[in-house]
4 protein chains.
Amino acid sequence: MGAGAGKTRRMPRAVRERQMLDAAVRTFARLGYRAASMDGIAELAGVSKPLVYLYLHSKEDLFTAVIRREARALVDAVRAGVEPSLPADAQLWAGLRAFFTHTAEHPDGWAVLHHQARTHGEPFAAEVAAMREEIVAFVTALIGAAAREAHGTPDLPARDVAGLAQALVGAAESLAGWANETEGVSAKEAAATLMNFAWAGLGNLMRGERWAAGR
Amino acid sequence: MGAGAGKTRRMPRAVRERQMLDAAVRTFARLGYRAASMDGIAELAGVSKPLVYLYLHSKEDLFTAVIRREARALVDAVRAGVEPSLPADAQLWAGLRAFFTHTAEHPDGWAVLHHQARTHGEPFAAEVAAMREEIVAFVTALIGAAAREAHGTPDLPARDVAGLAQALVGAAESLAGWANETEGVSAKEAAATLMNFAWAGLGNLMRGERWAAGR
Amino acid sequence: MGAGAGKTRRMPRAVRERQMLDAAVRTFARLGYRAASMDGIAELAGVSKPLVYLYLHSKEDLFTAVIRREARALVDAVRAGVEPSLPADAQLWAGLRAFFTHTAEHPDGWAVLHHQARTHGEPFAAEVAAMREEIVAFVTALIGAAAREAHGTPDLPARDVAGLAQALVGAAESLAGWANETEGVSAKEAAATLMNFAWAGLGNLMRGERWAAGR
Amino acid sequence: MGAGAGKTRRMPRAVRERQMLDAAVRTFARLGYRAASMDGIAELAGVSKPLVYLYLHSKEDLFTAVIRREARALVDAVRAGVEPSLPADAQLWAGLRAFFTHTAEHPDGWAVLHHQARTHGEPFAAEVAAMREEIVAFVTALIGAAAREAHGTPDLPARDVAGLAQALVGAAESLAGWANETEGVSAKEAAATLMNFAWAGLGNLMRGERWAAGR
DNA sequence: CATGAATGAGACTTCATTCAT
DNA sequence: AATGAATGAAGTCTCATTCAT
């Protein structure tokens, strides 16, 4: 018998736990919370169902653990991509690239966060909402900084900035899906599209130019 | 026995069917496809379960019927809000207002389309994707028209326009949620925010101005 | 095909419900609450498991329904056997005979009440305790009445009477088991044994005679 | 590495075994055989589950061991309380006091014997039945001795004596519960109540006096 | 002496769906 | 036009029990 062949057994808890979470992300992403079965997840993870329960306690806990892990990974990736000493526009650009890169590399994690977690009741939605708030706040801060840096305009109406940030994040979410699904659209390209879009809107906002019906 | 007394209410099929669809929209929106039960829907509709099966055939068919009805209603609302003889920017403005108004007035329908239908497997996602394509195509056409009207620039790269449209629709979806959940943000205000955002980005695009790192 | 052959199907709810309760009494009596399985009960009742759940809602509810039905039947049997216009001793005699007869005829019901219901947590034990209190109160009243009728001694200490009633009921419960398990011991005989035992103790009590160590 | 430090406590087998049995008595008394889990017992005993299996082999064996230990303790307590050279009535009195004292001091053990062991199938019930037979035989012998001593009446019908003993033991069991649960009822008091009750019944029996309906 | 890692089997419960009236 | 009666299939979760160290 070759070395290490056969069914690998007896692994440290931390390793097994990661395998389970990996299987769960994939399953939840593809089927949704309800349609995913603990049986299926256990099988995909290569362990028996009781072990999943022993380590993750319940389907709800498992889903929560998945959401937390993926949310943390995404937020960390974006933060890690940003150099706080750079100008705001460069930070935004870096953040967008990190965001699109991460979502492209972890499509299942992104699907869980964007689609599944938000459609299955308060407890899970709240978890994701917290992460989204974190990102929206980050973007909001950048927009404020950009305004100050570029034009010395410290007094953009908060409501407008919030709306802009919401639109920006929503656009990013939508483009992440588009880039994942459309052949040949790279993370960089998606980031560029959005950056142009955003920067122009921001410039307008700061110049006080608004679109006006009839004009 | 008097006429029409007792508990049994004989109603024409069309009416009954609408009651069932109404109950289904509400239930699917709140619970999701899997967690919604035919029992619950039948009860909410005030009919017995076999009747639901008689008219709608299966849970899958029922969900599909719901998606189709709500998608049709949304598309129709947007189309009805737009006057094709107006300039492209006015059309876009009108379309956005119609979109935000309709989603605000039909939150359950919107939740089914935006959240639920996309998270429960191909058959349903495809149904919604078709509608989304219709709207994206509509927006894309408007952008093209706007480019021609305003700047005589008929040759925007198709890929850029598609990206822009994706971003725009995503931003609209995000803002719809924001407007629904944030105290005091009206449909009109959301539409204005987005219009500013979009029009500026569009202008940039048409002028060939791009954001450039380091510059 | 003969009439009524084949698997009997489609029965009115009340009938099915009784069949299920009958199966449940038998199963719970033999196996206890935890060891009894809903599968087994459904099979014994000749129905599918979902039907049991449709009508009885849960294992806990089913057990409670069983306890209530059997407790009610026992109390009713005892009450029905007693003629309130008779002297207290005759009433006691009649009550004991009814008790032993009923427990002999419904050994499973008696086992559920006496053994199973008391060993599976508060909710069930409370149900039975209430019934037992009813019987103890009834016996206590009879003892008081007997004291007044026979000896004009209205002032037996309450604590003594309560202890006597407890002992009497306990003895009856024990004898019911004995009579059920011992070949050839009839309900009447058990009742007679206990009646002698009780009546003598009662007489002693009323005459103020006590057993005293060393005398 | 120093000797015996750290968390591991090496203890002689006998000690560990007693800890396990103690945990088991408590757990079985509170939850019943089925609802008690080996996990819970191991945890309460402060050992790992495999050790429980190493020493006690299986849940069934563990329960049996518990029953045997508690039954032996109860029988021993009663026997130890009795001085065989005394008159029968004094022996009975001493036995009753020992019984009520022991059950009051070991409520979990008593609950296992009285409630749990009898409700979970033949193997366990038989174990307890044997102990009960031992006590009933002991009481039966005392009653016979009392009859001879007091009245020189050696010929009480065996059936009557058996019934009396059954009633007496049942009453004792019932009173043990009552004394445990009722504020301020001591073991001694319970024993006195029962002694009065029993002695009177016994006297009646020996005098050939019977309660007769209508007389 | 002692345990962390692991599982086969079975429990309760729910649901989409149909049949006979 | 409408429903009370009924079920096959599947899902979450727990438990007694065993290896390998």
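Protein chains get the first letters and strands the later ones, always in sequence-line order, with residue 1 at the start of each. If you're wondering where the values come from, they're calculated on a predicted model, not measured in any experiment.
The separation between Asp61(D) atom CG and dA16(F) atom C1' is 13 Å, rounded to whole Å. Straight-line distance from the NZ atom of Lys49(C) to the P atom of dC12(E): 8 Å, rounded to whole Å. For Asp39(B) and dT13(E), the CG to P distance is 17 Å, given to the nearest whole Å. For the pair Arg34(C) CZ and dT14(F) P, the computed distance is 11 Å after rounding to whole Å. For Met11(C) and dA20(E), the CE to C1' distance is 15 Å, given to the nearest whole Å. Between Leu54(B) atom CG and dT21(E) atom P there is a gap of 18 Å when expressed in whole angstrom units. As a whole-Å value, the separation of Ile41(C) CD1 from dA11(E) P is 11 Å. Residue His57(A) contributes atom NE2, which lies 10 Å from atom P of dT14(F) at whole-angstrom precision.
At dC19(F), none of the side-chain N or O atoms of Arg10(A) fall inside 4.0 Å of OP1 or OP2 (strictly under the cut-off). A close approach under 4.0 Å does not occur between any side-chain nitrogen or oxygen of Arg13(C) and OP1 or OP2 of dA6(F). Contact check, Tyr53(B) against dT17(E): a side-chain N or O comes under 4.0 Å of OP1 or OP2. Checking the phosphate oxygens (OP1, OP2) of dA2(F), a side-chain nitrogen or oxygen of Tyr55(B) falls inside 4.0 Å.
Annotation: cation-pi pair Arg13(D)/Tyr55(D) present, NZ/CZ under 6.0 Å from the ring centroid and within 45° of its normal.
Applying the Watson-Crick and G-U wobble criteria (two distances, each under 3.5 Å), dT3(F) pairs with dA20(E).
Looking at which nucleotide of DNA chain F each of Pro50(B) and Gly46(C) is closest to, the 5′-most match is held by Pro50(B). Between Ser37(C) and Val47(A), the residue anchored closer to the 5' end of DNA chain E is Val47(A), taking for each the nucleotide with the nearest heavy atom. Nearest-nucleotide positions on DNA chain E for Ser48(A) and Met38(C) put Ser48(A) closer to the 5' end.
In this structure, Ala36(C) reaches the sugar-phosphate backbone alone: every heavy-atom distance under 4.0 Å involves primed, P, OP1 or OP2 atoms, never a base. Using a 4.0 Å heavy-atom distance criterion, Ala42(B) is classed as making no nucleic acid contact.
Phe63(A) has its side chain within reach of Gln116(A): a pair of non-hydrogen atoms, C-beta onward, lies under 4.5 Å apart. In this structure, the side chains of Met20(B) and Leu51(B) come closer than 4.5 Å at one or more pairs of heavy atoms.
At a threshold of 4.0 Å, the pair Asp61(B)-Arg68(B) does not count as salt-bridged, since none of the basic side-chain nitrogens sits closer than that to a carboxylate oxygen.
Phe28(B) pairs with exactly one of Glu70(B), His115(B), Lys59(B), His120(B) by the side-chain contact (heavy atoms from CB on, under 4.5 Å) rule, that one being Lys59(B).
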